[in-house]
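The structure appears below as structure tokens.
By convention in this document, chain letters (A, B, ...) are assigned in the order of the sequence lines, proteins followed by strands, and residues within each chain are numbered from 1. Everything numeric in this text was worked out from a predicted model, so none of it was measured. Computation of the quantities below employed the complete heavy-atom set of this structure, encompassing side-chain atoms and omitting hydrogens, waters and symmetry-equivalent molecules.
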2 protein chains.
Amino acid sequence: MAIPTPGRPVRGSRSGAPIMALFDLLGRRWGMGILWRLSEGPCTFRELQTRCETISPTILNRRLKELREALLIERCADGYKLTDLGAELYGLLVPLGSYARTWAACLRAETDEA
Amino acid sequence: MAIPTPGRPVRGSRSGAPIMALFDLLGRRWGMGILWRLSEGPCTFRELQTRCETISPTILNRRLKELREALLIERCADGYKLTDLGAELYGLLVPLGSYARTWAACLRAETDEA
DNA sequence: CCCATTGCTACATTTAATGTAGCATAGCCG
DNA sequence: CGGCTATGCTACATTAAATGTAGCAATGGG
């Protein structure tokens with residue numbers, strides 16, 4: 001699957017709105033998860049596979065290719081790492097971490113009362 | 001597909017880390033796009049379908065069910081709208097909009113020079 | 001009653017993800 | 001050198017998810 005290109009039709013925008021292209025890319029399975037795990041530090045393919053806990057090498061490899069093409073990650077001596085552009089994106093995802101805990105608490109509360 | 005439940009195994013975390021559960025949910029096709037479009041204001045199923053430009057009713061309906069179950073959106077007189085929890089999440093996605101434009105510019109630059 | 005709009009569902013097809021096995025290369029150690 | 005380990009993958013068969021089109025049942029006018 002080719003990477004979504006801003007300016008060309010993407011899922012959610014026939015005109016290729018950048019945000020929709022980004023959502024299309026990050027919305028692929030494991031997309032954000034890989035960025036998140038890689039933010040813990042550069043690592044090898046196999047180490048990344050371990051960090052992701054349940055990813056298959058097939059899909060890890062495909063996402064890595066896409067994310068490299070999208071300039072978010074790159075190869076290095078230790079295997080793979082975030083580019084500056086990727087690190088910047090990661091920075092925007094960080095707040096989702098604490099939000100997720102709030103969200104989880106709400107879900108639990110809802111489930112309990114039901 | 002059941003919604004990923006924090007605390008139970010999800011993609012990326014056997015122990016169910018909230019952030020991975022959230023990534024699993026938002027990482028489903030159209031997940032973030034629907035939130036984004038709904039943030040423009042409450043609307044009907046069909047209007048939302050139009051805003052999304054290219055979504056099929058099948059998958060729109062499925063995502064709506066999931067997002068409702070996840071307490072991010074709810075039904076209202078006008079059709080659907082974000083819950084407070086969903087609006088809060090949307091707030092965290094907003095910065096991705098301007099980031100996406102930067103990212104698009106970098107991609108274009110890269111493509112041009114190659 | 002007729003027509004338009006609503007929120008969907010059915011179903012057939014295409015595409016993506018999974019899981020397991022294993023190969024080819026590179027580096028060490030004796 | 002031979003044998004071991006780790007690396008980055010790829011092949012392939014299976015399952016699951018997304019797509020696209022058609023259309024139905026319900027509601028609310030006029």
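- At a threshold of 4.5 Å between non-hydrogen side-chain atoms, the residues B/R51 and B/I55 do not count as touching.
- Residue pairs meeting the ring-ring contact (aromatic ring centres under 6.0 Å, His included) criterion with at least one partner in residues 69-103 of chain B, sequence neighbours excluded, are B/W36-B/Y90.
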- Do nucleotides 13-30 of chain D as a string where each nucleotide becomes B, S or -: B if the base has a protein heavy atom under 4.0 Å, S if just the sugar-phosphate does, - if no protein is that close. ----SSBBBB--------

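- Residues A/V10 and A/A17 come closest through the heavy atom pair CG2-O, 4.4 Å.
- As a whole-Å value, the separation of A/N61 CG from D/dC9 P is 5 Å.
- Atom-to-atom, CD of B/E47 to P of C/dC8 comes out at 15 Å; the value is rounded to the nearest Å.
- Put simply, CZ on A/F45 is 18 Å from P on C/dA26, counting in whole angstrom units.
- For the pair A/L60 CG and C/dA16 P, the interatomic distance rounds to 18 Å; values are reported in whole Å.
- Contact between B/E47 and B/T44 at its shortest, heavy atoms only, is N-OG1, 3.0 Å.
- If you measure from atom NZ of B/K65 to atom P of C/dG7, you get 14 Å, rounded to the nearest angstrom.
- When all heavy atoms are compared, the tightest approach of B/R28 to B/I3 is NH1-CA, 4.1 Å.
- A/L64 places its CG atom 10 Å from the C1' atom of D/dG8, with the value rounded to the nearest Å.
- Counting to the nearest Å, the P atom of C/dT6 and the CD atom of B/Q49 are 10 Å from each other.
- The two atoms that bring B/L82 and B/E74 nearest to each other are O-OE2, 4.2 Å, heavy atoms only.
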